[in-house]
Amino acid sequence: MRQLVGIQYLRAAAATGVVIYHAAQRVGTRFTVGEAGVDLFFVLSGFLMIAITSPETRATTFMMDRIKRIAPTYWVATTVFLAGILLGLFPQARVDVAHIIASYLFIPYQAAEGSATLPLLVPGWTLNFEMFFYVLFALTLLGPRVWQLPVLTVLLAMVCVIGALAVAPGALLAFYSQPILLEFVAGAWLGWYWKRHGAPVGGPAVVALAAVLYVGAWWTDSDRLRPLTYGIPALLLLAGVLQLEHREGGLPYVPALKLLGDASYSIYLWHTMILAVVVKAARIVGLPIAPTIVLCVAASLIGGIVAYRTIEKPINVLLKRRKSRLGVPIPGM
């Protein structure tokens with residue numbers, strides 16, 4: 001099957017957006033819409049989980065493939081960060097044994113009452129959502145496939161409703177009931193449509209509409225509205241790209257974008273550590289804000305590519321990771 005390079009281009013865009021968002025945040029400015037890269041990752045993940053599975057896919061095989069794809073590289077990055085903390089390289093980081101264990105096991109952890117529910121390596125909060133989605137997805141593989149998506153949709157919707165109605169939800173319920181989980185389902189339904197009916201229509205117009213909605217979302221800053229402000233544009237963007245891929249000749253092959261897409265998981269995992277070092281160095285030499293952001297983004301992308309080639313890719317080869325039927329590596333996000 002011809003490779004859908006547009007999927008990798010979207011992963012590159014998602015990772016770059018998140019990097020710019022955090023780089024701007026580090027220097028005291030804002031690029032709010034960059035955080036929408038996470039939502040694009042979630043929609044892509046839901047889409048691809050449907051696209052790469054078949055009626056013969058077993059739940060245990062699916063989960064093992066997902067764990068092999070996600071966990072080892074994340075564990076390496078977490079271990080490096082932990083070592084940096086112990087060496088005093090990240091003096092603001094505070095951890096305890098329970099926090100460390102929870103981080104390695106993809107369990108949401110709240111260090112103190114009222115604090116954010118974050119793992120040791122902060123970008124890993126999205127992986128906690130990913131693993132939760134994978135577990136539910138694997139459970140739906142145990143039943144009749146005709147009911148898979150309806151059951152998955154109902155399960156996630158129920159969790160969100162219960163969390164919203166709970167008077168005093170605990171840290172786990174509060175975390176897992178966030179509406180952002182519905183973006184996985186939206187991507188999954190698009191994957192279902194794509195497998196049965198082909199690409200949606202209106203590629204360029206749909207992509208343009210997604211861009212307009214992203215611009216409009218710039219002024220919206222509510223996590224409760226994320227599935228609308230960021231999720232819907234992400235879904236439209238993916239639908240438009242799929243239609244563009246469906247056209248004769250597909251999308252042009254751009255090696256740099258393809259490489260960024262391949263390395264997007266490593267870019268995402270390592271960029272916060274890289275940003276911490278670069279921002280500190282920039283402050284020492286008195287670099288202005290704009291050049292600092294550019295340097296941060298460049299260093300994060302290059303560092304992520306290096307990590308992909310030297311850590312992530314060798315690990316995947318060692319584990320003899322399967323390729324998806326899309327002809328692209330099964331994404332970690």
Side-chain angles (χ1 to χ4, degrees), residues 8-42 44 77 80-81 84-85 88-93 116 118 121-126 207-223 225-226 229-231 233-234 237 241 252 254-310 333:
Q8 297 302 83
Y9 295 169
L10 289 178
R11 295 181 68 200
T16 303
V18 172
V19 169
I20 298 174
Y21 168 75
H22 283 138
Q25 191 178 57
R26 288 269 183 171
V27 297
T29 187
R30 290 166 60 88
F31 183 70
T32 309
V33 75
E35 67 177 339
V38 168
D39 305 76
L40 181 54
F41 275 134
F42 285 179
L44 285 168
V80 170
F81 185 61
I85 293 174
L89 300 180
F90 304 104
Q92 294 183 338
L118 294 171
L121 185 66
V122 172
W125 70 270
T126 64
V207 171
L209 176 59
V212 171
L213 292 177
Y214 275 127
V215 173
W218 190 291
W219 292 274
T220 304
D221 192 19
S222 172
D223 285 340
L225 295 177
R226 278 189 80 152
T229 56
Y230 292 156
L237 186 59
V241 167
V254 183
L257 288 179
K258 172 63 165 55
L259 177 59
L260 286 175
D262 291 343
S264 58
Y265 184 43
S266 286
I267 292 171
Y268 183 77
L269 286 181
W270 293 92
H271 80 278
T272 53
M273 283 184 276
I274 295 172
L275 289 178
V277 174
V278 174
V279 169
K280 186 173 183 178
R283 285 173 178 168
I284 291 174
V285 300
L287 199 65
I289 289 179
T292 297
I293 293 176
V294 172
L295 183 60
C296 282
V297 174
S300 296
L301 297 183
I302 293 171
I305 290 172
V306 171
Y308 165 71
R309 291 192 179 279
T310 60
M333 302 305 302

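Nothing fancy with the numbering, it's 1 onward along the sequence.
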Quiz item: Under a 4.5 Å cut-off applied to non-hydrogen side-chain atoms, are Gln8 and Arg11 in contact?
Solution: yes
Quiz item: Got a donor-acceptor contact below 3.5 angstrom from the His271 side chain to the Tyr268 backbone?
Solution: yes
Exercise. Specify the closest pair of heavy atoms between Tyr214 and Ala36, including all atoms of both residues, with the distance to one decimal.
Key: CE2-CB, 3.8 Å
Quiz item: From Ile305 CD1 over to Thr310 OG1, what is the distance, rounded to the nearest 0.5 angstrom?
Solution: 11.5 Å
Quiz item: Closest heavy-atom contact between Leu213 and Pro233?
Solution: CB-CG, 3.6 Å
Practice problem: Drop me the distance from Leu301's CG to Thr16's OG1, to the nearest 0.5 angstrom. | Solution: 5.0 Å
Quiz prompt | Exercise: identify the closest heavy-atom pair between Val18 and Val38 | solution = CG2-N, 3.8 Å
Self-check item: Validation row: Val279, Cys296 side chains within 4.5 angstrom (heavy atoms)
Solution: yes
Quiz item: Mind checking whether Tyr230 and Glu35 have side chains closer than 4.5 Å, heavy atoms only?
Solution: yes
Quiz item: Rounded to the nearest 0.5 Å, how far does CD1 of Ile293 lie from NE2 of His22?
Solution: 13.5 Å
Quiz item: Looking at Leu40 and Ala14, what are the two nearest heavy atoms and their distance?
Solution: CD2-CB, 3.9 Å
Quiz item: Below 4.5 Å, heavy atoms only, C-beta onward: do Tyr21 and Val33 meet side chain to side chain?
Solution: no
Practice problem: Flag the pair Ser300 / Leu275 as yes when at least one side-chain heavy-atom distance between them is below 4.5 Å, and no otherwise. | Solution: yes
Quiz item: For the ring pair Tyr265 and Tyr308, is the centre-to-centre distance below 6.0 Å?
Solution: no
Practice problem: Specify the closest pair of heavy atoms between Gly304 and Ile267, including all atoms of both residues, with the distance to one decimal. | Solution: CA-CG1, 3.7 Å
Quiz prompt | Considering all heavy atoms, the nearest Arg30-Ala24 contact | solution = C-CB, 4.1 Å
Quiz item: Are Val254 and Tyr9 close enough that some pair of their side-chain heavy atoms sits under 4.5 Å apart?
Solution: yes
Quiz item: Does Arg309 reach the side chain of Leu259, with side-chain heavy atoms less than 4.5 Å apart?
Solution: yes
Quiz item: Does the side-chain contact (heavy atoms from CB on, under 4.5 Å) test come out yes or no for Phe41 and Thr126, once each step is laid out?
Solution: CA-CA 9 Å; Phe41 275 134; Thr126 64; over 6 Å; no
Practice problem: Indicate the ring-plane relationship of Phe42 and Trp125, choosing parallel, tilted or perpendicular according to the 30° and 60° boundaries. | Solution: perpendicular
Exercise. Go through the steps for Met273 and Phe90 under the test side-chain contact (heavy atoms from CB on, under 4.5 Å), then give the verdict.
Key: CA-CA 9 Å; Met273 283 184 276; Phe90 304 104; 4.1 Å; yes
Quiz item: With respect to Thr292, which candidate in Val297, Val27, Thr29 satisfies the side-chain contact (heavy atoms from CB on, under 4.5 Å) definition?
Solution: Val27
